[in-house]
Amino acid sequence: MTDATDGTTTTKKLRTTTSRVPVVLLSYRTEAAIAAAIVVLLLAVGMLVPAALSMGNVQNIIQAAAPLIIMSLGVLLVVITGGIDLSVGSVFSLTGMVTALAMANGADGLTASAAGLAVGLVFGSINGLLVTVVGLAPFVVTLITYAVAGSLAFIVTNGRSMPIGAPDFWLLNSGEMVPGMPNHLLFCIILMIALEYALRKVVLGRWFYAVGSSAIAARLLGIPDLRIKFAAYVASGLLASFAGLLTVSYILNAEATAGASLMLQAIAAVVIGGASLFGGTGSAIGAVLGALMITCIQNGVNLSGDPGSGLGHASCYGRQG
């Protein structure tokens with residue numbers, strides 16, 4: 001009897017485990033479709049330019065996509081809550097300029113990085129306060145801070161590009177805290193897993209979806225909707241600044257217009273990944289795949305248009321190979 005009971009219990013466990021697999025696959029069907037599209041795109045470009053399938057080009061795509069991935073994860077939180085953040089591109093640019101300026105004035109890499117992250121914290125907080133406390137429309141608020149941050153990026157250095165003075169600052173992007181894995185890839189993986197887990201399994205993460213679906217209903221349920229929205233904008237600003245730090249760490253130079261096109265790309269990556277601009281839906285994995293899709297398209301266009309140009313043109317902000 002004991003053996004029969006054990007056998008029945010094991011069979012039930014196997015059936016339960018097996019039944020969960022299709023459910024997981026269904027919940028990520030959009031992400032699976034995007035991943036398949038990326039593979040098809042790479043194969044199609046590879047037929048025209050064989051070098052596109054080389055390990056060097058794949059590494060270049062990942063390197064170029066890393067800042068966009070990190071920025072998209074921040075924008076995702078804002079979009080899930082039903083808002084939008086147009087300031088991330090200018091915050092990205094201003095972060096690089098402030099970091100380079102701090103180094104030019106004698107700051108070490110850590111202090112300069114803290115100054116750069118403070119840019120995202122300040123602008124994210126301003127966005128959050130104006131949206132939640134003052135009650136202004138997110139589009140208007142972030143459009144204004146986009147213009148302000150973009151103007152400041154020119155003002156702080158008179159529009160000149162600035163070199164990065166710290167000799168070891170490149171390690172932030174290209175060093176290897178985990179042997180065999182560059183830091184930019186490690187940061188992307190950690191942030192994606194942490195955010196996806198928080199949104200799916202943690203109560204606080206589920207609150208973001210609730211607020212995006214209906215802020216009024218969320219408030220009636222006792223969810224602090226204004227705090228959730230404020231946190232989303234702060235996170236978006238901080239991640240935009242961190243993306244800026246990774247980029248200047250890679251190219252070792254700060255440009256006032258470095259993030260000019262990234263704002264629209266980040267929003268597009270989030271939407272491609274399955275998020276709705278009306279809020280309430282979206283995933284970190286989808287945002288990452290959306291950013292990779294955009295970078296792969298840029299890379300394919302560059303390689304197909306000029307096959308002899310090498311592998312250093314995965315995106316407009318990548319360092320030349």
Side-chain angles (χ1 to χ4, degrees), residues 54-74 88 91-121 161-197 235-255 258-259 262 265-266 269 284-285 287-289 291-292 295-296 298-299 310-321:
S54 68
M55 183 57 66
N57 190 52
V58 172
Q59 292 174 343
N60 195 49
I61 290 174
I62 295 173
Q63 167 65 73
L68 180 59
I69 286 173
I70 293 172
M71 184 184 293
S72 299
L73 291 175
V88 288
V91 169
F92 175 98
S93 301
L94 182 58
T95 295
M97 302 304 283
V98 168
T99 302
L101 185 62
M103 290 183 183
N105 285 278
D108 57 25
L110 183 60
T111 304
S113 297
L117 289 175
V119 172
L121 178 62
S161 62
M162 294 192 65
I164 297 300
D168 295 332
F169 196 64
W170 64 274
L171 291 171
L172 175 65
N173 179 87
S174 303
E176 295 182 356
M177 288 189 290
V178 175
M181 179 181 294
N183 287 341
H184 61 267
L185 177 58
L186 177 65
F187 293 144
C188 290
I189 293 174
I190 290 175
L191 287 171
M192 180 189 71
I193 293 175
L195 186 57
E196 184 68 17
Y197 179 81
S236 181
L238 284 172
L239 289 176
S241 284
F242 186 55
L245 289 177
L246 278 187
T247 297
V248 296
S249 171
Y250 179 57
I251 64 178
L252 297 178
N253 193 63
E255 296 281 350
L262 290 183
Q265 291 182 23
I285 295 175
V288 170
L289 290 172
L292 283 173
T295 308
C296 286
Q298 291 174 331
N299 178 255
L311 302 176
H313 297 79
S315 80
C316 59
Y317 49 88
R319 184 171 60 187
Q320 299 300 309

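Scope of the values below: all heavy atoms of this structure, side chains included, with no hydrogens, waters or symmetry mates.
Here the closest non-hydrogen pair linking Met103 and Gly109 is CE-CA, 3.9 Å. Between Leu101 and Met162, the shortest heavy-atom distance links the atoms CA-CE, 3.9 Å. The shortest heavy-atom contact between Gly74 and Ser236 is O-CB, 3.5 Å.
Using modelled atom types, one finds a donor on one side chain and an acceptor on the other under 3.5 Å when comparing Asn299 with Asn57.
In this structure, Ile189 and Met181 have side chains that are in contact, with non-hydrogen atoms separated by less than 4.5 Å. Between Val88 and Leu262, every side-chain heavy-atom pair lies at or beyond the 4.5 Å cut-off.
His184 NE2 to Tyr250 OH: the interatomic distance, rounded to the nearest 0.5 Å, is 8.0 Å. The structure places CD of Glu255 at 7.0 Å from CE of Met97, a figure rounded to the nearest 0.5 Å. With rounding to the nearest 0.5 Å, the separation of OG1 in Thr295 from CD in Gln265 is 7.0 Å. Separation of atoms CG (Asn253) and OG (Ser161) is listed at 4.5 Å; rounding is to 0.5 Å. Here the CD1-CG distance, from Ile164 to Leu172, works out to 10.5 Å after rounding to the nearest 0.5 Å. Separating the CG atom in Leu185 from the CD1 atom in Ile190 is a distance of 9.5 Å, to the nearest 0.5 Å.
Taking Ile70 as the reference, Phe187, Cys188, Leu191, Leu239, Phe242, Ala243, Leu246 meet the side chain to side chain contact (heavy atoms under 4.5 Å, CB included) condition, with sequence neighbours excluded.
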Stepwise side chain to side chain contact (heavy atoms under 4.5 Å, CB included) test for Gln63 and Asn173: CA-CA 9 Å; Gln63 167 65 73; Asn173 179 87; 2.9 Å; yes

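A donor-acceptor pair under 3.5 Å links the side-chain atoms of Ser72 to the main chain of Leu68, judged by distance alone.
The list of side-chain hydrogen bond (donor to acceptor under 3.5 Å, both in side chains) pairs with a residue in residues 95-109, not counting sequence neighbours, reads Thr95-Ser241, Asp108-Thr111.
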